[in-house]
Amino acid sequence: MVDETKEITFALSKGRIFDETLPILRLVGMEPIENFTESRKLIIDTRMLNTKIVLIRATDVPTYVKYGAADFGIAGKDVLIEQGADGLYQPLDLGIAKCRMVVAASVEFDYEKAVKLGSRILVATKYPKIARSHFAAKGVHVNIIKLYGSMELAPLVGLSDVIVDLVSTGATLKANNLIEVEDIMPISARLVVNRTALTTKGSLLKPILKSVEDIVSGGSL
Ligand code: PRT
Ligand code: MG
């Protein structure tokens, strides 16, 4: 039987973060030994002895790491803020998967006027916690409608006045006649580490974390 205290598990999501994480894994020596895109496997060994990668949804990464099912992983700051990152050690901003959290509205909706008039604004978002605290800090009254994807559609069909969503190139907003009306915060991907694993598997884990840190700070990406 494998001694689990001598194995390291890394949680990775197949989405956007994946492509930008591969070069880091390669430099660390933790490159997956199989092609993820072709395989349907959810657990894959890496080139480093006793290390494996588990493939999960981006939003599930903090959960796997928090409970120790994965020793470390990579998660977007958006996910970490929205879900709360209690119990997770966050040593590093990787500076990858960069985007911004914004408020966007249909070109026909006068957001400034609605705010000035103190109107109650309908907000559709996958990020109710971030949205609520943003508007509360501004003293703007809102009704939040929780969605799980395709936020850009909501203002177009009258489900909401505005959306709170991530923007990177701006192409999606533009294609749907939406404009950014407020910047909330910059977002990037962070390394998250299970606190217990840091102690119990420190001899294996710490050199890997150090190596990632050197790669990121050394600009070798
Ligand atoms: O897709 P899935 O439901 O599996 O999960 P997910 O959406 O959480 O995963 P994924 O892979 O789409 O996103 C993972 C992480 O990438 C997020 O948590 C962010 O931290 C980060 N990221 C960086 C982004 C973007 N850029 C981004 N542009 N996540 C989403 N988007 C979306 C945005 O929501 C909008 O719909 O892309 C669209 C806008 O892109 P532009 O380029 O048209 O502006
Ligand atoms: Mg997505």
Side-chain angles (χ1 to χ4, degrees), residues 10-25 32 35-37 39-44 53-66 69-70 72-86 88 90-107 123-134 144-157 159-193 212 216 221:
F10 175 67
L12 181 60
S13 59
K14 232 178 183 174
R16 285 162 210 278
I17 290 175
F18 185 77
D19 289 344
E20 288 186 72
T21 302
L22 274 188
I24 300 178
L25 291 177
N35 187 336
F36 268 128
T37 35
S39 163
R40 283 174 178 266
K41 279 192 189 171
L42 300 174
I43 305 181
I44 292 190
I53 295 176
V54 290
L55 258 200
I56 53 186
R57 285 284 290 264
T59 42
D60 288 333
V61 170
T63 308
Y64 274 72
V65 176
K66 204 174 286 182
F72 74 125
I74 296 180
K77 185 183 171 190
D78 50 322
V79 171
L80 292 169
I81 295 180
E82 189 63 29
Q83 296 187 6
D86 296 350
L88 287 176
Q90 288 185 60
L92 200 60
D93 178 352
L94 296 169
I96 61 169
K98 281 187 182 169
C99 56
R100 290 177 305 119
M101 184 74 70
V102 305
V103 182
S106 147
V107 289
V123 183
T125 187
K126 192 171 146 184
Y127 305 97
K129 190 174 157 191
I130 293 173
R132 196 163 281 121
S133 84
H134 172 72
I144 308 264
I145 301 163
K146 162 86 185 178
L147 291 179
Y148 293 86
S150 302
M151 266 77 79
E152 293 88 356
L153 180 64
L156 307 181
V157 293
L159 179 62
S160 73
D161 299 317
V162 302
I163 59 171
V164 166
D165 194 10
L166 300 173
V167 175
S168 42
T169 62
T172 311
L173 290 184
K174 200 170 176 205
N176 292 292
N177 276 323
L178 301 173
I179 47 164
E180 183 185 325
V181 291
E182 216 158 56
D183 195 32
I184 300 181
M185 65 176 97
I187 299 289
S188 56
R190 315 282 155 129
L191 205 60
V192 288
V193 185
V212 175
V216 172
L221 286 176

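Just follow the structure's listing: the first ligand is 1, and inside any ligand the first atom is 1. Values reported hereafter were calculated over all heavy atoms of this structure, with side chains retained and with hydrogens, waters and symmetry mates removed. Predicted model only: the values in this text are computed from it and were never measured.
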Number the atoms of ligand 1 from 1 as they appear, then name those within less than 4.0 Å of a heavy atom of [X], with their elements.
| X | value |
| --- | --- |
| E152 | 35 (C), 36 (O) |
| K126 | 6 (P), 7 (O), 8 (O) |
| T172 | 38 (C), 39 (C), 40 (O), 41 (P), 43 (O) |
| A58 | 8 (O), 9 (O), 14 (C) |
| D165 | 33 (C), 34 (O), 35 (C), 36 (O) |
| T169 | 41 (P), 42 (O), 43 (O), 44 (O) |
| A171 | 43 (O), 44 (O) |
| C99 | 22 (N), 23 (C), 25 (C), 26 (N) |

Residues at least two apart in sequence or cross-chain that pass side-chain contact (heavy atoms from CB on, under 4.5 Å) with K129, listed by chain then number, are E82
[X] vs [Y] side-chain heavy atoms within contact, under 4.5 Å:
| X | Y | result |
| --- | --- | --- |
| L166 | R100 | no |
| C99 | V167 | no |
| V162 | T125 | no |
| L12 | I56 | no |

Would you confirm whether K14, through its side chain, and F36, through its main-chain N or O, come within 3.5 Å as a donor-acceptor pair? yes
Tell me whether [X] has any N or O atom under 3.5 angstrom from an N or O of ligand 1.
| X | answer |
| --- | --- |
| I17 | no |
| K77 | no |
| T59 | no |

With a 4.0 Å heavy-atom cut-off (strictly under), which part of [X] contacts ligand 1: side chain, backbone, both or neither?
| X | result |
| --- | --- |
| V79 | side chain |
| V167 | both |
| I187 | side chain |
| E180 | neither |
| D78 | side chain |
| S168 | both |

Measure the acute angle between the ring planes of F72 and F10, then classify it against the limits of 30° and 60° as parallel, tilted or perpendicular. tilted
Least distance between heavy atoms, [X] atom then [Y] atom:
| X | Y | answer |
| --- | --- | --- |
| I163 | L178 | CD1-CD1, 4.2 Å |
| H134 | D183 | CE1-O, 4.5 Å |
| D78 | I130 | O-CD1, 3.7 Å |
| K41 | L55 | O-CD1, 4.3 Å |

Taking side chain to side chain contact (heavy atoms under 4.5 Å, CB included) as the criterion, tell me which of L94, L191, I96 meets it with V216. L94
Between I81 and M185, does the side-chain contact (heavy atoms from CB on, under 4.5 Å) criterion hold? Intermediate values first, please. CA-CA 11 Å; I81 295 180; M185 65 176 97; 3.5 Å; yes
Heavy-atom distance to atom 21 (C) of ligand 1: which of A97, S13, G15, G76 wins? A97
If you compare M101, K14, R16 by their heavy atoms, the one closest to atom 25 (C) of ligand 1 turns out to be R16
Looking at ligand 1, does M151 have a heavy atom less than 4.0 Å from it? no
For A189 and ligand 1, answer yes if some heavy atom of the residue is under 4.0 Å from a ligand atom, otherwise no. no
